[in-house]
> 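My questions will all concern the structure given below.
Since the structure is predicted, the reported quantities are computational estimates derived from the model, not experimental observations. Every chain is numbered from 1 and lettered A, B, ... according to where its sequence line falls, protein lines coming before strand lines. Heavy-atom basis, side chains included; hydrogens, waters and symmetry copies ignored.
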Protein chains: 2
Amino acid sequence: MKKNDRTDLCSIARAIDKIGDHWSLLILRDLGQGLTYFDEFQKNLLIAPGVLSKRLSTLVSEGLVRKELYQDNPPRARYVLTKAGEDFLPVLAMIMVWGNEHSSPSGLDTQLVDKSTLKKISPIVVDAKTKEPIEFSKLTFAGGPANSAAKIKVLTERNMPLAAVN
Amino acid sequence: MKKNDRTDLCSIARAIDKIGDHWSLLILRDLGQGLTYFDEFQKNLLIAPGVLSKRLSTLVSEGLVRKELYQDNPPRARYVLTKAGEDFLPVLAMIMVWGNEHSSPSGLDTQLVDKSTLKKISPIVVDAKTKEPIEFSKLTFAGGPANSAAKIKVLTERNMPLAAVN
DNA sequence: CGGGATCCACCTGGATACTG
DNA sequence: CAGTATCCAGGTGGATCCCG
C-alpha cells in the first residue's frame with residue numbers, strides 16, 4: 001500500500017497507517033503488559049532485532065512510546081507507553097474480545113484482569129452518553145466538520161451524510 | 001512474520017494474524033458502511049483487483065464475510081458481513097476514536113452516527129458488569145483456563161497470573 | 001460488471017554477526 | 001544489554017490485460 005495515499009480521508013485509515021502493523025500491535029500489547037526492555041520484546045516476540053529496532057523507533061516518532069535512557073555508559077534504554085499509547089489499549093482490548101469469541105478454538109487463554117485483585121474485566125463498547133451497548137447494524141461512519149474536498153466528493157457520490165446532526 | 005507461529009499463545013495475536021492487515025481492515029470498514037460490490041471496494045480503496053480478490057476470499061474463508069451470488073449468468077456476487085464480521089466493528093470504532101484523538105491534525109472528519117437520526121454516537125469501552133470506564137493502567141492481560149504449555153511457560157517466567165480469579 | 005492471470009520491481013523480514 | 005550492520009530470499013503489491 002502506498003503510504004499517505006488516503007490519509008486525508010478518514011481517521012480510521014490514518015490510524016491504521018500509523019499502527020496497523022502486526023509487529024507494532026504486538027509490541028503495544030506487550031508494553032501494556034509492562035514489558036520495557038528491548039531484550040524482553042525480542043525474546044517474547046521472537047522478532048529479528050533489526051525489525052524490532054525499526055518498529056520501536058517508529059512507535060516513538062509517532063508518539064505512542066517514550067524512550068527513556070536510564071543509564072549513559074553504556075547507554076541503556078527502556079520503553080514505556082505515552083498517553084497516546086495508553087489510549088490505544090481499548091483497541092487491543094476489543095481485539096482480544098473478538099479473538100476470544102471468534103478465534104479461540106481450544107478455549108480461553110487471554111483475559112483482561114485487574115492487576116491487584118486479579119478479577120476479570122469484560123470490556124464492551126457503549127455510547128458515552130446513554131451507556132447503552134452499541135448496535136452497529138444501526139450505525140454508519142459519516143464525515144465531520146473537517147471533511148476534505150476529496151472526502152466530500154466520496155461521501156456525496158455514495159449518498160452518505162457529510163456530518164452528524166446535533 | 002511467519003504465520004501461525006505464536007497463534008497458540010494469545011487471542012490478540014491470533015486475531016491480528018487473521019485480520020491485522022491494512023487492506024482487510026479498510027475492507028471491513030467499508031463493509032460496515034454498506035458497500036457490497038467488488039467494484040465499489042476497488043474504486044473506494046484504489047486497490048489492485050488481484051489484491052482485493054485475495055483479501056476478500058481470505059475474509060470469506062475466515063468467516064467474517066459472506067459471498068452471495070445474486071445472479072448466475074453472468075455470475076454476480078455481493079459481499080456482506082457475517083456475525084463474526086459485525087462483531088469486529090467495535091474494534092474499528094475504537095480505532096476511529098483513537099484516530100480522532102491522536103491522528104486528526106486538521107480536525108474531525110470521521111464520526112459514528114445513527115443511520116436514521118444522524119445523531120452522533122461516542123463509543124467508549126466499559127466493564128460489562130459495572131459499566132464503569134476501564135482504567136487500563138490498573139489492568140493487565142492474563143492467561144486463561146485453556147493456556148497452552150508454551151503460554152504457561154511464558155507467563156510463569158514473567159511472573160504473570162495464569163488466569164483470573166472469581 | 002466481477003473478477004482471474006501475469007509480470008515485475010521492490011521492499012521487508014529473517015538470520016546472523018558484531019560492537020560498546 | 002541494546003542495539004547496528006549486512007546479506008539474501010521471497011513475498012507482495014501495483015499495473016496491466018483479459019475474459020464471460
> Can you figure out which of D:dG13, C:dC1, D:dC1 approaches the side chain of B:Arg76 most closely?
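Side chain of B:Arg76 sits closest to C:dC1.
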
> Please tell me if A:Tyr79 has a side-chain N or O lying less than 4.0 Å from either OP1 or OP2 of D:dG3.
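Result: yes.
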
> For B:Ala48, report the nucleic acid contact type (base, sugar-phosphate, nothing); a contact means any heavy atom under 4.0 Å.
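It contacts base atoms.
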
> In whole angstrom, give the distance that lies between atom CD of B:Gln42 and atom P of D:dT16.
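Answer to the nearest Å: 13 Å.
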
> Separation of A:Asp21 atom CG from D:dT12 atom C1', in whole Å?
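Nearest whole value for this atom pair: 14 Å.
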
> So, the side chain of A:Asp127 versus the backbone of B:Ser122: is there a donor-acceptor pair under 3.5 Å, distance only?
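The answer is yes, because a donor-acceptor pair under 3.5 Å joins these two groups.
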
> By nearest nucleotide on DNA chain C, pick out whichever of B:Pro49 and B:Lys43 is the more 5' one.
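The residue closer to the strand's 5' end, by nearest nucleotide, is B:Lys43.
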
> We want to know whether A:Glu62 and A:Thr58 form a side-chain donor-acceptor pair, criterion being a heavy-atom distance below 3.5 angstrom.
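No, no side-chain donor-acceptor pair sits under 3.5 Å.
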
> Whole-Å distance between D:dA2 P and A:Leu35 CG?
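To the nearest whole Å, that distance equals 12 Å.
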
> With heavy atoms under 4.0 Å as the rule, sort A:Tyr70 into base, sugar-phosphate or nothing.
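A:Tyr70: backbone/sugar contact only, no base atoms under 4.0 Å.
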
> Between atom CG in B:Leu56 and atom P in C:dG3, what is the gap in whole Å?
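Rounded to the whole Å, the gap is 8 Å.
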
> Quick check on DNA chain C: between A:Gly50 and B:Asp39, whose nearest nucleotide comes earlier from the 5' end?
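This one resolves to B:Asp39.
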
> Between the side chain of A:Trp98 and the main-chain N/O of B:Ala84, is any donor-acceptor distance below 3.5 Å?
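Yes; at least one donor-acceptor contact below 3.5 Å.
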
> Should the pair B:Lys54-B:Asp21 be classified as a salt bridge under the 4.0 Å nitrogen-to-oxygen rule?
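A salt bridge is absent here (no side-chain N lies under 4.0 Å from a carboxylate O).
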
> Considering only NZ, NE, NH1 and NH2 on the basic side and carboxylate oxygens on the acidic side, decide whether B:Glu135 and B:Lys138 come within less than 4.0 Å.
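Yes, this pair counts.
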
> Specify the separation, in whole Å, of atom NZ of B:Lys54 and atom C1' of D:dG14.
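Distance check: B:Lys54 NZ to D:dG14 C1' gives 12 Å.
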
> The side chain of A:Trp23 is closest to which nucleotide in this list: C:dG13, D:dA2, D:dG13?
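Nearest listed nucleotide: C:dG13.
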
> Would you mind reading off the distance between B:Leu46 atom CG and D:dG14 atom C1', rounded to a whole angstrom?
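Distance, rounded to whole Å: 12 Å.
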
> Could you state the atom-to-atom distance from CD1 of A:Ile27 to P of D:dA2 in whole Å?
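That distance rounds to 15 Å.
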
> Does D:dG3 have OP1 or OP2 sitting under 4.0 Å from an N or O in the side chain of A:Ser53?
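For D:dG3, OP1/OP2 do not have a side-chain N/O of A:Ser53 under 4.0 Å.
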
> Measure the distance from CG on B:Leu52 to C1' on D:dG14 and round it to the nearest whole Å.
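Distance, rounded to whole Å: 13 Å.
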
